[in-house]
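Accompanying notes for the structure given below.
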Amino acid sequence: MITENRTSNSNKNLLGLNVKKLTPNGRAINLLKGMFAVISITWALPVDALQVKVTPTNPQLGDTLSVEINLDNPDNATNPTVAIGKNTYPAFEIAPNQYRAFIPTTPLEKAGTRSLQVTGDGQVQNLAVKVQNRKFPVQRITLPPGKAGVDATEYELKRVAAFKALQTPEKYWNGVFLRPNAGRMSTTYGVRRYYNGKFAEDYYHRGLDYAGATGSAVIAPAAGRVALVGRVSQGFRVHGNVVGIDHGQGVSSIFMHLSRINVKEGDFVKAGQLIGAVGSTGASTGPHLHWGLYVNGLSVDPTPWRTKVVK
């Protein structure tokens, strides 16, 4: 009974009501208890702090899915993540309380709906994103009897794999990516091939080829840190003389078959800076530049990065 009276007095002070004038025989206390129960429930309702936006709105195979996540909780020390099946992609901060994760898609995948699970601020949000089909050019290659392809060295494979796996938290690029060479584009992204009549299931052209003249300039399409420099003399039999630039946050560029290299590992380069020259080193049938753009380890189409700003 004493506790009930104290509660009544407290309620009168908080709500500015004269409880005695409301109802006799203590029914005002029950009324206020009910009101406070409703108020408590309202205050306890969860706030929708997880806001997610996926671009492009109509993606197709080869595109990079950009998942932007806004959080209302600035004290959360753990970055959000985005998962598709068994693959989990980190989200990096791009503004206060704003994060972004990249999801690569490739010609080897099937078109259809992707189920995304976004986790952050102790919440989970499930999204469905439809990835459209895309027709890629097909080439038919006939190899003479006994002609074997050039095999990469173990050292070459390890170095390149480690480079493509980089997920540096810093974002180095700013604006659209530049054309790395002035030559005409000779091979587009995603080309599929038949070798001697047999379809190569695991092959697609992982980048863009520019038919620049030997010695013509190769520039950095965007800012970044040089994380890979390899030479034929070191065992880079397939890539030839090669430069890899880490643009940050899981995005990287690789430049193959160079005749000259103008940078060293650890250098920070700006967009448009000279990094080397076109050549025909490694597994190449003629002078050209191969530019591959990788997102979280997979080759994506560089073209959208050249036409739209990915902030």
Side-chain angles (χ1 to χ4, degrees), residues 104 141 143 146-168 170 172-173 177-178 180-181 183 186-187 189 193 195 200 202-300 302:
I141 307 295
L143 298 176
K147 176 71 173 179
V150 178
D151 292 328
T153 64
E154 185 177 354
Y155 173 74
E156 178 181 12
L157 292 174
K158 286 183 177 180
R159 288 295 313 278
V160 172
F163 165 72
K164 293 175 181 177
L166 292 174
Q167 292 180 332
T168 308
E170 292 79 14
Y172 298 131
W173 79 90
F177 279 47
L178 304 177
N181 181 257
S186 55
T187 308
Y189 169 85
R193 284 179 179 168
Y195 288 100
D202 296 331
Y203 172 86
Y204 69 96
H205 189 243
R206 290 167 166 80
L208 302 175
D209 283 355
Y210 295 90
T214 299
S216 60
V218 175
I219 64 169
R225 192 169 300 282
V226 178
L228 172 67
V229 170
R231 292 179 169 83
V232 174
S233 60
Q234 297 172 313
F236 282 77
R237 291 196 302 222
V238 171
H239 294 77
N241 297 329
V242 61
V243 170
I245 298 177
D246 174 19
H247 302 296
Q249 298 188 348
V251 182
S252 59
S253 286
I254 193 164
F255 308 90
M256 297 165 52
H257 314 307
L258 303 175
S259 63
R260 186 182 70 248
I261 296 176
N262 290 70
V263 292
K264 64 181 183 301
E265 289 185 10
D267 286 351
F268 187 87
V269 295
K270 298 179 180 179
Q273 182 175 331
L274 181 70
I275 60 173
V278 171
S280 187
T281 57
S284 170
T285 57
H288 73 284
L289 169 69
H290 175 93
W291 170 34
L293 183 66
Y294 286 77
V295 170
N296 289 320
L298 295 179
S299 167
V300 298

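Each residue takes its place number in the sequence, starting with 1.
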Practice problem: Kindly give the heavy-atom pair with the smallest separation between Ser299 and Gly207, and that separation in Å. | Solution: OG-N, 4.1 Å
Quiz prompt | Residues in side-chain hydrogen bond (donor to acceptor under 3.5 Å, both in side chains) contact with Ser284, at least two apart in sequence or another chain | solution = Ser280, His288
Quiz item: Cut-off 3.5 Å, side chains only: do Ser252 and Asp246 have a donor facing an acceptor?
Solution: no
Exercise. Walk me through it: do Ile254 and Val160 pass the test side-chain contact (heavy atoms from CB on, under 4.5 Å)?
Key: CA-CA 9 Å; Ile254 193 164; Val160 172; 4.3 Å; yes
Quiz prompt | Within-4.5 Å side-chain heavy-atom neighbours: Asp151 and Arg237 | solution = yes
Exercise. For Tyr172 and Gly248, work out which heavy atoms get closest and say how close.
Key: CD1-N, 3.8 Å
Self-check item: Validation row: Val300, Tyr294 side chains within 4.5 angstrom (heavy atoms)
Solution: no
Exercise. Determine whether Phe255 and Leu289 make a side-chain contact, defined as any pair of heavy atoms from C-beta on separated by less than 4.5 Å.
Key: yes
Quiz item: Does Arg159 make a cation-pi contact with Phe163, if we ask for NZ or CZ under 6.0 Å from the ring centre and within 45° of the axis?
Solution: no
Quiz item: If you look at every heavy atom in Ile261 and Gly230, which pair is closest and at what distance?
Solution: CD1-O, 3.7 Å
Quiz prompt | Nearest heavy-atom neighbours spanning Thr281 and Gly240 | solution = OG1-CA, 3.6 Å
Quiz item: Is the shortest heavy-atom distance from the side chain of Val278 to the side chain of Leu258 under 4.5 Å?
Solution: no
Practice problem: Might you work through the side-chain contact (heavy atoms from CB on, under 4.5 Å) test for His290 and Tyr210, ending with a clear yes or no? | Solution: CA-CA 7 Å; His290 175 93; Tyr210 295 90; over 6 Å; no
Exercise. Please report the C-alpha distance between Ile275 and Ile245 in whole Å, then the side-chain angles of each, then the deciding distance to 0.1 Å, and finally whether the side-chain contact (heavy atoms from CB on, under 4.5 Å) criterion is met.
Key: CA-CA 10 Å; Ile275 60 173; Ile245 298 177; 4.2 Å; yes
Quiz item: Can you check whether Phe177 and His247 have ring centres sitting under 6.0 Å from each other?
Solution: yes
Quiz prompt | Sub-4.5 Å side-chain heavy-atom contact between Asn181 and Ser216 | solution = yes
Practice problem: For the residue pair Asn241 and Phe236, establish whether any side-chain heavy-atom pair is separated by less than 4.5 Å. | Solution: no
Quiz item: Is there side-chain contact between Glu156 and Val238, with at least one heavy-atom pair below 4.5 Å?
Solution: yes
Quiz prompt | Main-chain N/O of Val229 paired to Arg231 side chain as donor or acceptor, under 3.5 Å | solution = no
Quiz prompt | Derivation and outcome, side-chain contact (heavy atoms from CB on, under 4.5 Å), residues Leu228 and Val243 | solution = CA-CA 6 Å; Leu228 172 67; Val243 170; over 6 Å; no
Quiz item: Measuring from Arg260:CZ to Thr214:OG1, what's the distance to the nearest 0.5 Å?
Solution: 11.0 Å
Quiz item: Can you name the residues that form a side-chain hydrogen bond (donor to acceptor under 3.5 Å, both in side chains) with Lys158, not counting sequence neighbours?
Solution: Glu154
Quiz item: About how many Å separate CD of Gln249 and CH2 of Trp173, when rounded to the nearest 0.5 Å?
Solution: 5.0 Å
Quiz item: So which heavy atom on Ala222 is nearest to which on Ala271, and how close?
Solution: CA-CB, 3.8 Å
Quiz item: Taking C-beta and beyond as the side chain, do Glu265 and Arg225 meet within less than 4.5 Å on heavy atoms?
Solution: no
Practice problem: Taking all non-hydrogen atoms of both residues into account, name the closest pair between Ser259 and Gly215 and its distance. | Solution: OG-N, 4.0 Å
Exercise. Give a yes or no on whether the ring-centroid distance for His239 and His257 is below 6.0 angstrom.
Key: no
